[in-house]
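This report concerns only the one structure given below.
Quick note on labels: first sequence line is chain A, next is B, and so on, each numbered from 1. Keep in mind the model is a prediction, meaning the values are calculated, not measured.
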Protein chains: 2
Amino acid sequence: MKKSKREKLKAAGWAVGSVQEFLGLSESDAALIEMKLSLSRSLRDRRQRHGVSQVELAKRLRSSQSRIAKMEAGDPSVSMDLLVSSLLVLGASAADLAKAIRGGEGGKSRHAAA
Amino acid sequence: MKKSKREKLKAAGWAVGSVQEFLGLSESDAALIEMKLSLSRSLRDRRQRHGVSQVELAKRLRSSQSRIAKMEAGDPSVSMDLLVSSLLVLGASAADLAKAIRGGEGGKSRHAAA
DNA sequence: TGACATTATGTCATATCTGACATATAGTAG
DNA sequence: CTACTATATGTCAGATATGACATAATGTCA
């Protein structure tokens with residue numbers, strides 16, 4: 001898929017949502033990126049709701065704090081596998097994942113459950 | 001996550017469904033693997049329904065026929081990113097993806113739509 | 001202010017994934 | 001049988017992702 005474009009996106013600072021428009025990004029490339037961003041938002045939400053620090057999550061994942069940070073920052077260098085693994089480790093179900101992929105759960109609901 | 005276990009799984013021939021049991025596979029590792037298998041089944045289904053050959057799909061993805069075959073065979077060497085990209089290229093929507101991840105659409109419905 | 005916890009950013013060696021290629025194995029038609 | 005198309009399997013050099021590490025922000029509490 002040519003990673004260079006994703007790098008450019010990151011560099012450009014871009015507003016979240018509807019990524020595509022600004023460079024010749026194919027329909028499906030854009031969709032994939034938005035999915036990953038949605039997952040990364042879900043990850044931060046879920047981690048915080050569970051009161052887990054990045055360091056703690058890194059331990060559970062046998063990864064490192066810096067990689068968790070990159071995940072949550074939507075860094076292009078993180079794979080979908082890692083994002084999904086992280087959510088699973090935080091107890092997300094397949095249904096939760098499905099919702100996250102759709103873009104659901106992105107914003108903080110005002111009166112969220114624990 | 002230690003890829004070695006996945007390799008073993010592949011080597012063992014395993015029956016599809018409920019992968020976990022047989023080696024000390026963590027709950028979430030197993031879930032990830034089952035998700036990927038579900039995606040690979042969806043991929044084959046969708047590709048065939050669309051009457052697209054592996055060679056043709058490879059072209060659209062700028063990948064190669066052998067990689068498509070590996071994807072559909074559930075080879076441990078394929079990333080979730082690639083599986084998802086492939087489905088997207090075949091016109092799958094986020095909702096379709098969500099369903100696939102859940103394990104939905106695994107079996108061929110007898111009177112499926114085009 | 002300082003001491004501490006948490007998160008962000010950058011770099012790098014190594015592990016893993018990827019496309020390409022060769023080749024094998026069906027299946028089908030002539 | 002041959003020729004052709006589709007799919008499977010193995011290998012490998014090059015690309016990308018990964019964990020680890022250092023270090024910089026940022027925040028909090030006294």
Of the options D:dG19, C:dA8, D:dA8, whose atoms approach the side-chain atoms of A:Glu72 most closely?
C:dA8
Regarding the side chain of A:Val78, the nearest nucleotide among D:dA8, D:dT18, C:dT7 is D:dT18
Separation between CG (B:Leu61) and OG (B:Ser86), nearest 0.5 Å, reads 4.0 Å
Provide, to the nearest angstrom, the distance between the [atom1] atom belonging to [X] and the [atom2] atom belonging to [N].
X	N	atom1	atom2	result
A:Gln54	C:dT9	CD	P	11 Å
B:Leu82	D:dT16	CG	P	13 Å
A:Glu56	C:dT6	CD	P	10 Å
A:Leu57	C:dA8	CG	C1'	16 Å
A:Met80	C:dT16	CE	C1'	18 Å
A:Gln48	D:dG27	CD	C1'	13 Å
A:Met71	D:dT16	CE	P	20 Å
B:Asp81	C:dT16	CG	P	16 Å

With sequence neighbours left out, what residues match A:Ser63 under side chain to side chain donor-acceptor pair (under 3.5 Å)?
none
Helical bend (five base pairs per end, nearest 10°) for the helix from C:dT1-D:dA30 to C:dG30-D:dC1
40°
Tell me which one of A:Leu87, A:Asp81, A:Leu88 satisfies side-chain contact (heavy atoms from CB on, under 4.5 Å) with A:Val84.
A:Leu88
Of A:Gln48, A:Arg67, A:Gln54, the one forming a side chain to side chain donor-acceptor pair (under 3.5 Å) with A:Glu72 is A:Gln54
State, with a plain yes or no, whether a side-chain heavy atom of [X] is found less than 4.5 Å away from one of [Y].
X	Y	result
A:Arg46	A:Val52	no
A:Leu57	A:Leu43	yes
B:Val55	B:Ile68	no
A:Leu32	A:Met80	yes

Which comes earlier along DNA chain D counting from the 5' end, the contact point of B:Val55 or that of A:Ser63, where each point is its nearest nucleotide?
B:Val55
Do any side-chain nitrogens or oxygens of B:Arg62 fall under 4.0 Å of OP1 or OP2 in D:dA15?
no
Side-chain N or O of B:Ser77 versus OP1/OP2 of C:dC17: is the shortest distance under 4.0 Å?
no
Establish, from distance only, whether the side-chain atoms of A:Asp45 and A:Ser42 form a donor-acceptor pair under 3.5 Å.
no
Between the protein and nucleotides 21-24 of chain C, which nitrogen or oxygen pairs come in under 3.5 angstrom?
unit_1: C:dC21; atom_1: N4; unit_2: B:Ser66; atom_2: OG; d: 2.6

Classify A:Ile68 by what it touches in the nucleic acid, base, sugar-phosphate, or nothing, heavy-atom distance under 4.0 Å.
nothing
